[in-house]
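A, B, ... follow the sequence lines: proteins, then strands. Residue 1 opens every chain.
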2 protein chains.
Amino acid sequence: MKIALVKTVAIYGLFLAGLTYLLALIKFKFLVRDLSVEFYVGMVALLFTALGVWMGSKLVRKKREPVEQFVMNESARDHLGITSREIEVLTLMSAGHSNEEIAGQLFLSLHTVKSHVSHILSKLDVNRRTQAVEKARSLHLIPKSGSSLV
Amino acid sequence: MKIALVKTVAIYGLFLAGLTYLLALIKFKFLVRDLSVEFYVGMVALLFTALGVWMGSKLVRKKREPVEQFVMNESARDHLGITSREIEVLTLMSAGHSNEEIAGQLFLSLHTVKSHVSHILSKLDVNRRTQAVEKARSLHLIPKSGSSLV
DNA sequence: GCGTGAATCATACTTTGGAGTGATGCCCCC
DNA sequence: GGGGGCATCACTCCAAAGTATGATTCACGC
């Protein structure tokens with residue numbers, strides 16, 4: 001994470017240096033002091049401002065993008081003793097599926113699904129599936145609504 | 001919204017112009033062509049890059065901050081014909097409350113709550129409360145989980 | 001090899017949810 | 001002043017969810 005940031009900054013730094021050199025070169029090769037210095041400076045300022053905006057937005061976006069994607073809160077899961085199979089059931093529950101639909105999708109009997117759901121409810125210390133989904137989301141055991149899963 | 005953005009850009013543009021003028025002035029007043037042009041250009045480039053980064057991050061942040069807070073999707077609500085009372089029930093449903101609990105909190109009979117819930121389900125075109133909550137969230141009829149409400 | 005725990009399926013039972021239908025009072029609007 | 005939508009309450013019926021308890025199989029670890 002931190003290394004990637006430093007690398008990005010370094011790359012932009014090198015890019016900046018190269019661009020500066022190039023500009024100076026162009027000035028001496030082709031413009032030969034004929035153009036006003038103010039105009040030249042203005043061009044440089046514009047160019048580097050644009051570069052700065054680009055670089056800044058790139059850095060900011062790098063910092064924010066990972067917030068969107070889901071990472072499982074493993075410690076909470078382990079602490080509550082919730083198994084991977086229960087997470088599967090929980091995920092389908094959160095999509096609004098009935099026990100019977102979950103049974104169909106996971107190739108289980110309705111009994112087994114009910115058993116899993118019961119365990120989930122007791123482990124999350126709630127007594128309704130809707131509450132279980134709420135709690136699981138707030139504990140980052142399952143993604144927020146709207147996220148796509150396989 | 002859009003006006004504020006334009007205003008911000010205009011202010012930064014003016015600031016840029018002023019800074020350019022100031023730099024040119026300084027060059028002619030005090031450095032008098034003694035310093036190498038490359039060094040001068042480098043300074044300008046650095047300064048304006050920094051300005052660009054600042055400006056860029058400012059603009060990006062302006063765009064992202066309001067995303068956090070909840071705004072009701074009025075058009076969707078009106079289009080589906082969902083009433084304010086139904087939104088109240090929906091909100092409590094989304095917190096995982098049972099019909100009886102909702103009845104208690106809103107000082108209603110269980111029958112009335114069931115009636116509201118039925119209307120909500122048919123208006124949202126679903127047949128389970130968990131799905132209704134999912135759909136209502138995705139339509140921005142109710143806040144995402146974790147948001148605080150009165 | 002024996003205990004432990006996950007995953008599976010089962011039976012029996014209670015509670016909650018949801019569909020269908022209908023009634024009443026209220027307010028707004030033509 | 002009558003129709004329409006909303007909010008409220010009511011009753012029935014069936015489906016789904018949840019509780020309780022327990023059996024079986026399998027894998028893992030000491």
Side-chain angles (χ1 to χ4, degrees), chain A residues 72-137 139 141-142 145, chain B residues 72-137 139 141-142 145:
Chain A
M72 155 87 75
N73 182 355
E74 307 261 357
S75 74
R77 199 202 57 181
D78 294 349
H79 180 255
L80 294 170
I82 294 177
T83 69
S84 60
R85 197 57 162 166
E86 283 160 1
I87 292 287
E88 288 185 71
V89 174
L90 202 39
T91 304
L92 290 173
M93 266 171 61
S94 77
H97 293 294
S98 68
N99 286 343
E100 199 155 12
E101 286 171 344
I102 295 172
Q105 289 194 35
L106 297 182
F107 303 103
L108 296 176
S109 83
L110 180 57
H111 304 291
T112 310
V113 175
K114 281 188 168 195
S115 171
H116 284 310
V117 172
S118 280
H119 289 148
I120 292 167
L121 295 185
S122 73
K123 283 175 183 175
L124 286 177
D125 191 30
V126 295
N127 36 29
R128 265 178 298 284
R129 54 171 52 222
T130 43
Q131 286 184 329
V133 170
E134 276 296 298
K135 195 155 186 176
R137 272 203 240 277
L139 291 173
L141 298 174
I142 54 175
S145 93
Chain B
M72 153 88 75
N73 181 354
E74 308 260 0
S75 73
R77 199 202 58 182
D78 294 348
H79 180 256
L80 294 170
I82 295 176
T83 68
S84 60
R85 196 57 160 166
E86 283 161 1
I87 292 288
E88 287 186 71
V89 173
L90 202 38
T91 305
L92 290 173
M93 265 171 63
S94 78
H97 292 296
S98 68
N99 287 342
E100 199 156 14
E101 286 171 345
I102 296 172
Q105 291 194 35
L106 297 182
F107 303 104
L108 297 176
S109 83
L110 180 57
H111 303 292
T112 309
V113 174
K114 280 188 168 197
S115 172
H116 284 311
V117 172
S118 278
H119 290 148
I120 292 167
L121 294 186
S122 73
K123 283 175 185 177
L124 286 178
D125 190 29
V126 297
N127 37 29
R128 264 180 296 284
R129 52 173 53 220
T130 43
Q131 288 182 329
V133 170
E134 278 294 300
K135 195 154 185 177
R137 272 204 240 277
L139 291 173
L141 299 174
I142 53 174
S145 93

What integer distance in Å separates [X]:[atom1] from [N]:[atom2]?
X: A:Asp78; N: C:dA6; atom1: CG; atom2: P; result: 12 Å
X: B:Leu121; N: D:dA16; atom1: CG; atom2: C1'; result: 13 Å
X: A:Ile82; N: C:dG5; atom1: CD1; atom2: P; result: 17 Å
X: A:Ile102; N: D:dG18; atom1: CD1; atom2: C1'; result: 13 Å
X: B:Arg129; N: C:dG18; atom1: CZ; atom2: P; result: 5 Å
X: A:Lys114; N: C:dT16; atom1: NZ; atom2: P; result: 14 Å
X: A:Leu92; N: D:dA17; atom1: CG; atom2: P; result: 13 Å
X: A:His119; N: D:dG22; atom1: NE2; atom2: P; result: 13 Å

Look up atom OG in A:Ser84 and atom CE in A:Met72, then write down how far apart they are to the nearest 0.5 Å.
->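 Rounded to the nearest 0.5 Å, the OG-CE separation comes out at 9.0 Å.
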
Less than 4.0 angstrom between a side-chain N/O of [X] and OP1 or OP2 of [N], yes or no?
X: A:Thr83; N: C:dG5; answer: no
X: B:Asn99; N: C:dT16; answer: no
X: A:Arg128; N: C:dT15; answer: no
X: B:His116; N: D:dT8; answer: yes

Base, sugar-phosphate alone, or nothing: which one does [X] contact when heavy atoms must sit under 4.0 Å apart?
X: B:Ser98; value: sugar-phosphate
X: B:Thr112; value: base
X: A:Ser115; value: base
X: A:Leu110; value: nothing

Take B:Ser118 and A:Ser84, find for each the nucleotide of DNA chain C with the closest heavy atom, and name the residue whose nucleotide sits nearer the 5' end.
->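 Its nearest nucleotide lies further toward 5', so the answer is A:Ser84.
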
Where the side chain of A:Arg85 is concerned, which of C:dT8, C:dA10, D:dT19 is the nearest nucleotide?
->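 Among C:dT8, C:dA10, D:dT19, the one nearest the side chain of A:Arg85 is C:dT8.
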
Would you mind telling me which of C:dT11, D:dT8, D:dA7 lies closest to the side-chain atoms of A:His111?
->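 It is C:dT11.
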
Crowded around B:Gln105 CD? As in, over 12 foreign heavy atoms under 6.0 Å?
->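 Atom CD in B:Gln105 is packed in, count exceeds 12.
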
Which residue, A:Val126 or B:Gly81, contacts DNA chain D at a nucleotide closer to its 5' end, judged by nearest heavy atom?
->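 The 5'-side residue here is B:Gly81.
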
Using a 4.5 Å cut-off on heavy atoms from C-beta on, say whether the side chain of B:Val133 contacts that of A:Thr130.
->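 Heavy-atom side-chain distance check fails, nothing below 4.5 Å.
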
salt_bridge(B:Glu100, A:Arg128) N-O dist < 4.0 Å |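 No, this pair does not count.
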
Would you name the heavy atoms of B:Asn99 and B:Val113 that are closest together and state the gap between them?
->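 Smallest heavy-atom distance, with atoms named: O-CG1, 3.6 Å.
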
